[in-house]
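For reference, the structure discussed in these notes is given below.
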Amino acid sequence: MSSVLNSKVPEGPLAEKWEKHKFSVKLVNPANKRKYDIIVVGTGLAGASAAASFGELGYNVKAFAYQDSPRRAHSIAAQGGINASKNYQNDGDSTFRLFYDTIKGGDYRSREANVYRLAEVSTNIIDQCVAQGVPFARDYGGLLDNRSFGGAQVSRTFYARGQTGQQLLLGAYGALNRQISNGKVKMYNRTEMLDVVMVNGEAKGIITRNLITGEIERHSAHAVVLATGGYGNVFFLSTNAMGCNATAAWRAHRRGAFFANPCFTQIHPTCIPVSGEHQSKLTLMSESLRNDGRVWVPKEARKGLTAKEALNIPEEERDYYLERKYPSFGNLVPRDVASRNAKDVCDEGRGVGPSGLAVFLDFADAINRDGEDLIRSKYGNLFDMYMQITGDNPYEVPMMIYPAVHYTMGGLWVDYNLQTTIPGLYAIGECNFSDHGANRLGASALMQGLADGYFVIPYTIGDYLASQPYEKVGTDHEAFDEAEKTVNDHLDKLLNINGNKTVDEFHKELGKIMWDYCGMSRTGEGLKKASGMVKELKEEFWKNVKVVGTADELNQSLEKANRVSDFIELAEVMIQDALDRAESCGGHFREESQTPEGEALRIDDEYSYVSAWEFTGNGAAKLNKEDLVFENVKLTQRSYK
Amino acid sequence: MLNLLNEAINRTGIKADKTIKNLNMNLTLKIWRQKNQNDKGGFESYQVSDVSPDMSFLEMIDVLNEDLVKEDKDPVHFDHDCREGICGTCSMVINGRPHGPKEGITTCQLHMRSFSDGDHITIEPWRAKAFPVIKDLVVDRTSFDRIQQAGGYVSVNTGGAPDANEIPIPKRIADEAFDAATCIGCGACVAACKNASAMLFVSAKVSQLAMLPQGQVERKTRVEKMVAQMDEEGFGACTNTGACAAECPKGIDLSNIARLNREYIGAKLKSENVS
Amino acid sequence: MSWFTKAFSTTIGRKLVMSLTGIFLILFLIEHLIGNLLLLNGDGGLAFNEFAHFMKYNRLIQIGEVVLFGGFLFHIIDGIILIRKNRKSRPVQYAVSNKSEVTSWASKLMGPFGIIILVFLIVHMYDFFRFKYFSPVADMPGTDISDLASLVYIKFQSVGYVAFYVIAMAVVGFHLYHGFQSAFQTLGVNHVKYSPIIKGLGVLYSIVVPLGMALIPIIIYINHITQQI
């Protein structure tokens, strides 16, 4: 079955694969690089670093961002840090250990060779970023500081206060700016990609919409790289930015790129709970808070319990459920375990706050033990942020937290070269599925984005380009006509429905279905129900959505409608994927698949594969499987008891 | 005021959901509407009712926009993205202050509990020649990008960087460089400045790289080019009033502007660039 | 343009000109105040007249005078260029202006205050040049020293002129209040230890010097009134 999918993983020992591969891929002569054009869509960590590196190599690059500047991509919001196996702390870290932790953390659903390469180039990333002037945290001797993150046994996380993503992105943005000023990269801000142009089965360009003028534009190139991030906004409420969308990836999927593991989404346990119907997005607080905060709910259901009232609940009426159930890890259990347990206690009716969808994260003991000053020095800015949003003072009353969608491990299927199933179309960063399996480790998203952009794709794209003629496909080619027409038809259709429900109303409904049935905890029955609900929602959307304005102006209503139309289709495949994967693994829990103690049960014999979904056009995607082979690690069940 | 009320209500022990309902507000918004860059534009007034104090300012406008769409009217266009105060996209002058009345936050972090029932709120776009209005409250800030493109980077190609720990950097210097590097490029400094000057923005990047050893090679050319581009974009001069730093959501300090001036003087005296 | 003139033509360059000439003018004001205080020497203006005579015929001072005029000229011209540029930088004004209270209103009115001072200077210079070159002043009896002091004493018998002078000095005070420290910031002097000292000095200077200047006409006027009675 896996014959369709050729992962192109090189032969040989794990540690030599990348070195060997770099030697065996075709090279483009330095003098010929200027004859090739590359399109990069998205300018976050992966996109900006790739576009800059392509420019440095001599390729002509066109880069696209829906934001008003590349500096605003949502990579900027990553707080915690970036992993690298530098072993600066002399605590036994190594490429293999980072590889091992990542594979294990991903619950053995990622490809060994890709993950090893990620660990291997991780050290180069830190060198590169420091050379760019990224102000990482340092110790008093002037050397780089590291911390342990997300329960890792070694201190390998480099950080820049709580703004690591911002600093890394600004570094990549600088590199990109340099190429823009050198004329090697042409930047298109406020421009959204709406289709891939396929010529003889290969990606040869894209169709974009200028978000200010509404103009539909054609761009031709020898190769197209998608770096458009994840699709967490399918859930409406997530920690993603408002504009984050799946349109580029989804339209590529419609053109033939397989979508891998779409149901793998990561739910982050420490977000600020929803405060009402008006909620537009969720705010994440660093999970480092769980180092000192204790998670609890009342033993007896107390609906609407406020943080102030919590102070009056005596110790014996509180249930510190994580400490109770996982005595050795306590409040520091991995993200998925913490999230799922929060959901469980809320489902039991023991949730707190006005919505009943929150648990307490209490710092009273930590403040008593260490003093308010020490707590302030550790978490001051997080506490301020919390106070700003909720109006509650966490130095006096417990915080309320609830899990939220944070990252999507799934994405476009790519081979070892990061090429999708469409020749000439690449996917990098969160946009692809390649490195995190069923669950991503903290501080690894930044690592992957930059690894792909700086150190992987600049090599692997040459292998494809070297086989391409210099001459580009003209934008007058009929494939461009066809793609442009598809885009225009889609937009016209949206504008002409003139129904009664706003785009946000549909999006909220979609999000609720997905959160309830395809979130952290799923059942076969629930998923089937969700499948029907989404199908109905889709039908209603195309009959009853209301989009105001015209296509030839800045029209945020149309932009949203266009994106939501794709989210709905993507949701269908997510549900299909979740239904297929009847095992609990990584970030998600399938209720039918659990141990007698109620913990997640992975089923390696049946599900040790990557699900790569192929678009068929008839409403149901076709499943292709890439079997995962583990030669270097032994598969174990996780246990945090 | 609301907080006090909230506390008072909490003390009486009334259930939380009731307090929230009681605190909902009715507001009058006066918003700048402008169809496109060529339109003259003007203010329009809107009533919003039942605004929860827990809403963010932008969520309050979301609610208004939902209503407008249902009435077949064009929603108020505004820039926003991350809604957690880091991307620097949101930009509104609220009652005469960029990012609203509270210090140290962006508009998206402003919550309605900072307002009271019956308030009149005037919302305007950033105003500067270098930030032309695109539509309603959306402005074009690519001038900032062009300043950065003029030299706000270290010219290192990918690969070939020395080991990250090869050059130790004293913690104090690294921290100070970081303070400057936290600029989110939102443009509140320009919006706040009576001269629409971009000095605080430019000084932040120049400072970051001037302090770090990695930035030394291009130190002189960087400041010369960035200042030249800043002028070309049409930003005003600095009168050292300090309004920029007072409104900066990230607390970028005025000492950066002094450093920019120093860097400029040093570069003009010492660089070999005579053009 | 040469690299030199270019360096002073950017916004920062022009601010440097403002700052350097500003500091130069600040220093000049001290000398001016000392000279003026001689009017109150109680010697019927003798010391003042001798001082003025020295200033008029000393070669070095004559050169200095040219430099001083240059300083004023550059300060004024660059100031006007900057005001115009700053105006153009915001073609559409805000409907509501309610900036944070951190900024002093003196800092926001540097331009308008500068213009008021310019008007004062024009009147001031009109007198200065008139008596220096065009309408010879009578010598003090028995000397070849012009009796400028008597002219001044007579001028300041007019309450209108005194008021004009005092108001102008108040404006100079506000201009200095911000200008003094601002000049150092523009030159890049910003230090945790020294900036507070500079700020303190600036406040002191902006009060003492204009006050001293303004007291002279007031005292002369009061003297005049009391002598009449």
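Chain naming here is simple, since letters A, B, ... match the order of the sequence lines and numbering starts at 1 in each.
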For C:N86 and B:G236, indicate whether the former's side chain and the latter's backbone hold a donor-acceptor pair under 3.5 Å. no
Are any side-chain N or O atoms of C:Y94 and backbone N or O atoms of B:A192, one a donor and one an acceptor, separated by less than 3.5 Å? no
Should the heavy atoms of other residues, nucleotides or ligands under 6.0 Å from [atom1] of [X] be counted, would the total exceed 12?
X	atom1	result
C:F4	CZ	no
B:K102	NZ	no
C:R130	CZ	yes
C:F74	CZ	no

Taking all heavy atoms of [X] and all of [Y], pick out the closest pair and write down the distance.
X	Y	value
B:N195	C:S89	O-CB, 3.2 Å
B:R127	C:R90	O-NE, 2.6 Å
B:C238	C:K15	O-CE, 2.7 Å
B:N240	C:S182	ND2-OG, 2.6 Å
B:A128	C:P91	C-CD, 4.2 Å
C:K108	B:K194	O-CE, 3.5 Å

CD1 (C:I12) and CG (B:N261) are apart, to the nearest 0.5 Å, by 5.0 Å
If you count heavy-atom pairs under 4.5 Å with chain C, which of [options] comes out on top?
options	result
B:A245, B:S197, B:S255	B:S255
B:K129, B:K268, B:K30	B:K129
B:T122, B:N95, B:L269	B:N95

Which atoms of B:P125 approach chain C - backbone, side chain, both or neither, heavy atom under 4.5 Å: backbone
Interface moiety of B:F131 toward chain C, non-hydrogen atoms closer than 4.5 Å: neither
Quick one: does C:W3's side chain get under 4.5 Å of B:N273's, heavy atoms only? no
Can you name the residues that form a ring pair (Phe, Tyr, Trp, His ring centres under 6.0 Å) with C:Y126, not counting sequence neighbours? none
Could you list which of residues 225-235 of chain B have a heavy atom closer than 4.5 Å to any heavy atom of chain C, in residue-number order? B:V227, B:M230, B:D231, B:G234, B:F235
Quick one: do the C:T10 and B:Y264 side chains pair a donor with an acceptor below 3.5 Å? yes
Residues of residues 185-197 of chain C near chain B, each having a heavy atom less than 4.5 Å away: C:Q185, C:T186, C:L187, C:G188, C:N190
Sort by residue number and list every member of residues 153-166 of chain C having a non-hydrogen atom under 4.5 Å from chain B. none
Can you tell which of C:Q181, C:R87, C:M18, C:K6 has the highest number of heavy-atom pairs within less than 4.5 Å of chain B? C:K6
